[in-house]
Amino acid sequence: MRAPTLTSILLLAAAPLVAQGGVRPIDWDSLAAETVRNLSAYLAVNTTNPPGNELAGARFLQRLLARDGIEAEILDTAELGPGRANLYARLRGAGSGRKGAVALVNHLDVVPATRETWSVDPFSGVVRDGYVWGRGALDMKGEGMVQLMAMIALKRSGVRLDRDIVFIGNADEEVAGAGAEVFVRRHADLLRDVEFLMTEGGGNEVEHGRVNYYGVGVAEKRTFWQRITVHGTPSHGSRPTKLNPVPRLVDALERLAHYETPLHVTPGVAKYFRDIAPQYPAPQRAWLSDVTAALSDSSARAWITDNVYWNAILRNTISLTALSGSNKTNVIPPEASAELDIRILPDQDTATVRAELLRVVHDTAVHWHTLLPPRPPLESPVETDLFHAIERAARERDPGARVTTPMLTGATDRPTYRALGIVTYGFDPFNVERTEVQRGVHGNDERVSLANVGFGVHYLYDVLRYVQ
């Protein structure tokens, strides 16, 4: 399965559009070029978080929507603080209200970028060598612009909408998720009729130009960050004492580092392994076809868990990250602490997980503090109109395409919206090489190809058309 070229992307499905009666054909070349120009300008709006400055990004998108007669509201400026905001817009159709709405959600903020480590200005939005460059090109201003332009394309083409299309830009996804939390808390009325929601967290796997699968994120792991602290008595380092908290902390960390959390297969992960199994030779194909059974076989378990991603979606994980003790070599500190990046599977109970961690450490001198409590569990069904619309659009581009359900090991705003009962999917409109994603997202020289921009708008447009 080869990634489509820009030419083939832009020529897709023009004839069926004309045949739909009243639907105006779209000049996909022109729309792709317009999307590139808009994305370039959007990347030049610096919304680095901290501090955010999402209000400037919201105003930019508001102006773009207004050009096509779509009114957008800037919300929550007081609640989010100076320079910060959420954005909300809705495209209503002739059949508005007949079916639940589809929400397209993106975040306005981006992570910091250091100019000296980039080959271009990270906030220039420069178009060069077939790419649009800039912080947020992939995460996630590029996807946000594709969402906006796909919605505009629906309006321009006159496609009958039985489902409203809702567009939401959130602040603060990259730090604390306050934008989505405030939006859900204050504007539940704007979401009352939303049946489906799409945002980041899908992930299409592309290697050497070959699309292995189109991913729909139905689940993600939950952050359960912890700080553990041991108190002691400060003294001079030249006089060792049993009241030094550092060795006791080290003992606790060693026990956690060697603890293997139990393996557990969730429904979406089982489907993911079944879907990718045909890519592998025997006996791996059989192992992945029934991963639950395979994990009881030592050879299969060793092969499966050797893959860092597969291991992470099959168990709760603990990464020892930050350490703190004395700030001087010759001083025994009054306390020593460490921070743990703990990610738990969607169906895990936090009280049970915490009790197990206490059992493993087995030291009452070690005090636990939750730094980031988990968001609501996220596991959405796959037998839905939207999932089938994604399958249809993907297979029109590639008849042999696999559409599957990779679990996100990171975190998005999806659980915040899922708590309202909305079926929430991670959807990736781009076919980006795996190495490019790893290099660019939160890294240096983040960029998205012009071909992918055109592909993404047309792909999402078709998904939204088919779910009506």
Side-chain angles (χ1 to χ4, degrees), residues 42 45 47-66 70-92 100-111 136 139-141 143-148 150-151 163-201 217 220 222-223 372-378 380 386 408 410-427:
Y42 187 28
V45 181
T47 56
T48 299
N49 188 12
N53 193 36
E54 296 96 341
L55 178 58
R59 286 174 172 160
F60 176 85
L61 298 181
Q62 184 186 44
R63 289 193 296 270
L64 286 184
L65 290 165
I70 301 173
E71 182 182 356
E73 299 178 62
I74 291 177
L75 304 171
D76 308 319
T77 53
E79 290 74 16
L80 292 169
R84 315 203 77 169
N86 287 322
L87 182 72
Y88 166 83
R90 180 179 289 254
L91 176 62
R92 299 186 185 275
V102 179
L104 307 174
V105 175
N106 59 89
H107 60 82
L108 307 167
D109 60 326
V110 298
V111 297
D139 183 19
M140 73 170 295
K141 286 184 173 179
E143 184 168 347
M145 186 56 64
V146 162
Q147 291 175 349
L148 182 144
M151 185 168 76
R163 299 180 186 273
D164 288 359
I165 308 299
V166 173
F167 180 89
I168 298 171
N170 282 139
D172 195 43
E173 190 277 342
E174 293 290 5
V175 175
E181 291 171 1
V182 168
F183 191 96
V184 167
R185 185 174 69 249
R186 298 192 69 243
H187 308 293
D189 57 313
L190 300 178
L191 300 166
R192 187 175 297 112
D193 67 329
V194 173
E195 182 178 1
F196 300 119
L197 184 147
M198 304 168 74
T199 187
E200 63 183 346
E220 67 180 50
R222 306 164 68 197
T223 52
L372 190 63
R375 294 178 180 177
L378 174 66
S380 290
L386 180 55
L408 185 67
T412 70
D413 285 331
R414 282 185 290 161
T416 302
Y417 290 96
R418 181 64 178 141
L420 296 178
I422 300 170
V423 174
T424 308
Y425 291 147
F427 174 83

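This one's a predicted model, so the numbers in the text were calculated from it and none came from an experiment.
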request  = Applying side chain to side chain contact (heavy atoms under 4.5 Å, CB included), name anything that partners Thr47, two or more places apart in sequence or on another chain.
outcome  = Val45, Val110, Lys141
request  = Check ring-ring contact (aromatic ring centres under 6.0 Å, His included) between Phe196 and all other residues, then give those that pass, not counting sequence neighbours.
outcome  = none
key: Listed partners of Tyr425 passing side chain to side chain donor-acceptor pair (under 3.5 Å), at least two apart   = Thr384
Audit row: Leu197, Leu191, side chain to side chain contact (heavy atoms under 4.5 Å, CB included) steps and yes/no = CA-CA 10 Å; Leu197 184 147; Leu191 300 166; 5.5 Å; no
inquiry  = Within this structure, what is the CG-CE distance for the pair Leu64 and Met145, rounded to the nearest 0.5 Å?
reply    = 5.0 Å
request  = State which residues pass side chain to side chain donor-acceptor pair (under 3.5 Å) with Arg59; sequence neighbours excluded, sorted by chain then number.
outcome  = none
request  = For Leu386 and Glu195, run side chain to side chain contact (heavy atoms under 4.5 Å, CB included): C-alpha distance rounded to whole Å, both residues' side-chain angles, the deciding distance at 0.1 Å, then the answer.
outcome  = CA-CA 10 Å; Leu386 180 55; Glu195 182 178 1; over 6 Å; no
ask   = Nearest heavy-atom pair of Leu108 and Ala58: which atoms, and what distance?
value = CD1-CB, 4.1 Å
message = Main chain of Gly201, side chain of Glu220: is a donor-acceptor contact present, judged purely on distance under 3.5 Å?
response = no
Closest non-hydrogen atom pair, Ile70 against Arg90 = CG2-O, 4.2 Å
request  = List in chain and number order the residues that pass ring-ring contact (aromatic ring centres under 6.0 Å, His included) with Tyr88, two or more places apart in sequence or in another chain; answer none if no residue qualifies.
outcome  = none
request  = Return the set of residues passing side chain to side chain contact (heavy atoms under 4.5 Å, CB included) with Asn53 (not counting sequence neighbours), or none when no residue passes.
outcome  = Ala56
inquiry  = Just verifying a value: how many Å separate Ile168 CD1 and Gln147 CD, rounded to the nearest 0.5 Å?
reply    = 10.0 Å
task = Measure across Arg418 and Ser380 and return the closest heavy-atom pair with its distance rounded to 0.1 Å.
result = NE-OG, 3.5 Å
inquiry  = Would Leu80 and Glu54 count as a side chain to side chain contact (heavy atoms under 4.5 Å, CB included) here? Give the steps.
reply    = CA-CA 10 Å; Leu80 292 169; Glu54 296 96 341; over 6 Å; no
inquiry  = How close do Ala171 and Ala85 get, counting heavy atoms only, and between which atoms?
reply    = CB-O, 3.3 Å
task = Please list, chain by chain and in numerical order, all residues satisfying ring-ring contact (aromatic ring centres under 6.0 Å, His included) with Phe427, sequence neighbours excluded.
result = Tyr459
request  = Please identify each residue that fulfils side chain to side chain donor-acceptor pair (under 3.5 Å) with Glu200, with sequence neighbours left out.
outcome  = His107
inquiry  = I'd like to know if the side chain of Asn86 and the backbone of Ile74 have a donor-acceptor N/O pair within less than 3.5 Å.
reply    = no
ask   = side chain to side chain donor-acceptor pair (under 3.5 Å) with Gln62: which residues, sequence neighbours excluded?
value = none
request  = Please tell me if the side chains of Asn170 and Thr416 come closer than 4.5 Å, counting only heavy atoms from C-beta onward.
outcome  = no
task = Could you label the plane-to-plane angle of the Phe183 and Tyr417 rings as parallel, tilted or perpendicular, counting under 30° as parallel and over 60° as perpendicular?
result = tilted
ask   = Do you know the tightest heavy-atom contact between Thr223 and Ala411?
value = CG2-CB, 4.3 Å
inquiry  = If I compare all heavy atoms of Asp189 with all of Arg186, which pair ends up nearest, and what's the gap?
reply    = OD1-O, 4.1 Å
Residues in ring-ring contact (aromatic ring centres under 6.0 Å, His included) contact with Phe167, at least two apart in sequence or another chain = none
request  = Please identify each residue that fulfils salt bridge (Lys or Arg N to Asp or Glu O under 4.0 Å) with Arg375, with sequence neighbours left out.
outcome  = Asp413
query = Under the 3.5 angstrom rule, does the side chain of Asp164 hit a backbone N or O of Ala101 as a donor-acceptor pair?
reply = no
All pairs passing salt bridge (charged side-chain N to carboxylate O under 4.0 Å, His left out) where residues 166-184 contributes a residue, at least two apart = Arg84-Asp172
